[in-house]
Amino acid sequence: MDRYQQSLAASDPAIHAALMGEEDRQRDGIEMIPSENYTYPEVLALLGSVFTNKYAEGYPGRRYYGGNLYTDEIETLARERACALFRAEHANVQPLSGSPMNQAVYLGLLQPGDTILGMDLSHGGHLTHGAPVSHMGRLFHFVRYRTDPTNKGAIDFDTLRRTARETRPKLVLCGYTSYPRDYDYAAFKAIADEVGALTMADVSHVGGLIAGGAMRNPLDAGFDILTTTTHKSLRGPRGGMILCRKAHAKKIDASVFPGLQGGPHMNAVAAIAVTLKFAAQRDFQVYARDVLTHARTLAARLVENGVTLVTGGTDNHMLVIDTWASFGLDGAAAETVLDSIGLTVNKQIIPDDPRPALRPSGIRLGTPAATTRGLNGQDMARMADLIAAALRAPSEKNVLRGLADTVRDMARRYPVPGLDT
Ligand code: DSN
């Protein structure tokens, strides 16, 4: 136990007990939620460092507080590393997380009421891409495009072009939270150019896979803006980054601060800087490739087990299982069954889901966290068998107990970064 934990155990035993419980949960189970990961020990150390004490409103060299010698250094390094890694002209590393990151872009580059073309929520788009329940959905006019799940989740670019011509968006937005395929960014860009719209890709899910060179980079296709959270496949602290062309730098910076946020969380900025250093290394490229290979292995074996995958498979780190079609179980029930054997996934609506969001037709799972932990291809195939076996026997307690033992044995073979290494 480190010195912070020792004092916590004495001063707040309830919170300390919860921390110990969470450590055990993470160690004994296998994390399959596609947007989660196990971060580096260095990131955990920086998040708990004295950088959390510091106010640093403004940007390096232009702060509203004194004492920013070292915070300037870390933010400058983080920005430089982000630009180098993603081949961007400018980076803002202050967004506190994914939602304010996207809000800062809309509010910085558009006027209220402007039209944004974004991906339909049930087809994989994100809440901040214009869901009616989000504030952005009320402020801007979102027009949605959809995918064809029967054709490997393809986007019909002819229809998208027609929609763009009819609705004249100011921004063509792509990005997803539950779409197991890659995008043709050049096709989005061509349509945006035709109607004079800006282009933005929210690559939060695959930011690490782009950084590791395993997936396409929208900035290479000439996109204006790339946003990514830093805690998913990138494996860093919770946070967000906006990368853009120089032409947008001033508006983006002013939109993040003072437009939307106050003091940046400099402990997170320091942790983002070190994350970006690691992401530029050869090991991370191997990791990114392994994440994709593992997702394909998992998908193939699930299909062999008779499981229905939305879009039929995966091109990225993520799979969406239609649990209703495969097992007659809604996603909430499937999530609970898998939780009971130590596999953490999340319930998920599927394209045009007839079921409600809290009892949807599917679950979503992914390989970034398990790959970080060191699980290999054989483990992925085994995991597919375990998932299928559990969801076929959701009420058979003995079967589930046996599967839980197998998962725990598998998990304990692999250390949790920051806890065991
Ligand atoms: N909540 C994130 C995810 O799980 O994909 C997106 O915000």
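This structure is a prediction, so every number in the text was calculated from the model and none was measured. Each ligand, and each atom within it, is numbered from 1 in the order the structure gives.
The only option from Arg216, Lys152, Arg181 that meets the salt bridge (charged side-chain N to carboxylate O under 4.0 Å, His left out) definition with Asp315 turns out to be Arg181. Each of Val172, Leu198, Val105 was checked for a side-chain contact (heavy atoms from CB on, under 4.5 Å) with Asp224, and the lone residue meeting it is Leu198.
Relative to the six-membered ring of Tyr38, Arg235 misses at least one condition, a distance below 6.0 Å or an angle of at most 45° to the axis.
Distances below 4.0 Å separate heavy atoms of Arg364 from the following atoms of ligand 1: 3 (C), 4 (O), 5 (O). Near Ser35, meaning under 4.0 Å from one of its heavy atoms, ligand 1 places the atoms 3 (C), 4 (O), 5 (O).
Side-chain contact annotation: Asp114 with His141, donor-acceptor N/O pair under 3.5 Å absent.
Of the listed options His126, Glu36, His205, Met318, His126 places a heavy atom closest to atom 6 (C) of ligand 1.
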